[in-house]
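Shown next, in structure tokens, is the structure this report addresses.
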Amino acid sequence: MRTDRSPPEPLARGVRGLLILGGTTEGYALAEALSERSDLRVVSSLAGRTEQPRRPCGEYRIGGFGGIPGLIDYLRAQRLDAVIDATHPFAATMGWNAAAACDALGLPLLRLERPAWQPQPGDDWQQIDDWPAAVAALQRSGARRVLLAVGRQELAPFAALDAVSFLIRAVSAPRPLPAFKDARVLLARGPFTLADERALLADERIDTIVCKNSGGAATAAKLRAARELGVRVIMRQRAPRPPTTLATDVQAALAWLDTNVSKPSD
Ligand code: NAP
């Protein structure tokens, strides 16, 4: 791993520098797909929120840049030529910072983002824009047993609901756990199978799932299980993002790189 303070190695002639803002399945997959490219120096960046993050393939760095000015300084100091924002659909800030920094430096920027899940026939979804709206929807619907899959840092608004029994599913333990009247924590990391999700919803007698529209296959089985079992879903929609060229998968991102940044040499 190179630190932000290490000066960049001189790049061979024709080699271009790419920053991947990662922390997602797509970010890791893109770094892996580019690992053999001799025409690119690829640096993956992680926010550093998880205690033992998966390491991206190739060069990487961990930690915030210090807002837009910090990102501009970093891109300049490391002499990087392009940015791919592959942060999570619910990472609210980094994409805007990347857009502002790339705009200031005149660098090409691509947003790599998996498509959002769409409701299917038979689904009972309520789509909301923020957690207070989800809390209100739970109150209105009279939900009693709720699977809360919103991330361990976004639990607090739900603790006000005394009449609900929560099963909180998270990758790592919420610390501190807000003062729920009735909540249990289930530590689990996807992917989750349909059979396991069916069993979880049935065994726990879940009547409502609250989650974010993250998209992707790893955590989609709960939605199909909910459809089959008639479980209501309160789904937080994605917030607006800066207007940027969008790729919905790694192949499309590779094609964008070939057109806008660098083509692999033979
Ligand atoms: P955020 O609101 O967009 O970012 C907050 C701050 O964290 C940014 O201003 C930046 O700090 C730093 N940061 C975020 N992503 C970074 C990256 N890839 N490399 C370096 N610094 C980064 O994001 P968040 O919701 O806190 O999520 C943090 C990271 O976790 C994201 O990279 C995201 O992909 C991943 N993640 C988020 C979620 C979610 O639901 N939010 C789920 C799964 C994974 P500075 O301003 O100091 O540069």
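Position 1 is the first residue of the sequence; numbering continues from there.
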- Do other residues, nucleotides or ligands put more than 12 heavy atoms under 6.0 Å from Q120 CD? yes

- Query: So, D203 and R198, do they make that salt bridge, N to O below 4.0 Å?
  - Reply: no

- Query: Taking the side chain as C-beta and beyond, is there a heavy-atom pair between L75 and L19 under 4.5 Å?
  - Reply: yes

- Within the side chain of R16, is there an N or O that forms a donor-acceptor pair under 3.5 Å with the backbone of V261? yes

- Euclidean distance, K263 NZ relative to R37 CZ, rounded to 0.5 Å: 9.5 Å

- Item | F158 reachable from I206 in the ILVMFWY side-chain graph, under 4.5 Å edges | no

- Just wondering, do V146 and L138 contact through their side chains at under 4.5 Å, heavy atoms? yes

- Would you confirm whether R238, through its side chain, and N213, through its main-chain N or O, come within 3.5 Å as a donor-acceptor pair? yes

- Note on the structure: Closest heavy-atom pair, S172 versus L187, reported as atoms and distance to 0.1 Å, is C-CD2, 3.6 Å

- Joint hydrophobic cluster, L30 plus Y60, side-chain heavy atoms closer than 4.5 Å: no

- With a 4.5 Å limit on heavy-atom distance, are the side chains of E197 and E228 in contact? no

- Query: If you measure from CG on L186 to CD on E204, what distance do you get to the nearest 0.5 Å?
  - Reply: 8.0 Å

- Taking only Lys NZ, Arg NE, NH1 and NH2, and the carboxylate oxygens of Asp or Glu, determine whether R227 and D123 approach each other closer than 4.0 Å. yes

- Message: Would R145 and F166 count as a cation-pi pair here, with the cationic atom under 6.0 angstrom from the ring centre and within 45° of the axis?
- Response: no

- 4.5 Å side-chain heavy-atom contact, L177 and L155: yes

- Task: Mind running salt bridge (charged side-chain N to carboxylate O under 4.0 Å, His left out) on R111 and E26 for me, showing each step along the way?
- Result: CA-CA 11 Å; R111 169 73 181 146; E26 291 74 17; over 6 Å; no

- Task: Answer yes or no: is there a donor N or O on one side and an acceptor on the other, between the side chain of D207 and the main chain of R144, under 3.5 Å?
- Result: yes

- Query: Once you round to the nearest 0.5 Å, how far does CG of L110 lie from SG of C102?
  - Reply: 10.5 Å

- Query: Is there a path from L40 to V15 through hydrophobic residues (I, L, V, M, F, W, Y) whose side chains come within less than 4.5 Å of each other?
  - Reply: no

- Task: Sort out for me which residue in D81, L257, L80 forms a side chain to side chain contact (heavy atoms under 4.5 Å, CB included) with L18.
- Result: L257

- Rounded distance [0.5 Å steps], CG in L21 versus CZ in F65: 5.5 Å

- Message: When you measure from the centre of the six-membered ring of Y28, is the NZ or CZ of R54 closer than 6.0 Å and no more than 45° off the axis?
- Response: yes

- Message: We want to know whether R41 and Q78 form a side-chain donor-acceptor pair, criterion being a heavy-atom distance below 3.5 angstrom.
- Response: yes

- Query: At what distance, to the nearest 0.5 angstrom, does CD of E113 lie from OG1 of T24?
  - Reply: 10.0 Å

- R241/D85 ion pair, N-O < 4.0 Å: yes

- Do I209 and V135 share a hydrophobic cluster, counting only Ile, Leu, Val, Met, Phe, Trp and Tyr and linking them when any side-chain heavy atoms are less than 4.5 Å apart? no

- Answer yes or no: is there a side-chain heavy-atom contact under 4.5 Å between L46 and R55? no

- Item | K212 NZ to W117 CH2 distance, which is reported to the nearest 0.5 Å | 10.5 Å

- Minimum heavy-atom distance V164-A143, with the two atoms named: CG2-O, 3.4 Å

- Check whether any side-chain heavy atom of L105 sits under 4.5 Å from a side-chain heavy atom of R76, and report yes or no. yes

- Message: I'd like to know if the side chain of D103 reaches the main chain of A99, judged simply by a donor and an acceptor atom lying under 3.5 Å from each other, with no hydrogens or angles considered.
- Response: no

- Verify same cluster id: I234, W131 (apolar side-chain graph, 4.5 Å): yes

- Item | Main-chain N/O of A33 paired with S35 side-chain donor or acceptor, under 3.5 Å | no

- Answer yes or no: is there a donor N or O on one side and an acceptor on the other, between the side chain of S262 and the main chain of D258, under 3.5 Å? no

- Message: Does R61 qualify as a cation-pi partner of Y74, given the criterion of NZ or CZ under 6.0 Å from the six-membered ring centre and within 45 degrees of its axis?
- Response: yes

- Message: When you compare the side chain of R169 with that of L147, does any pair of heavy atoms fall below 4.5 Å?
- Response: yes

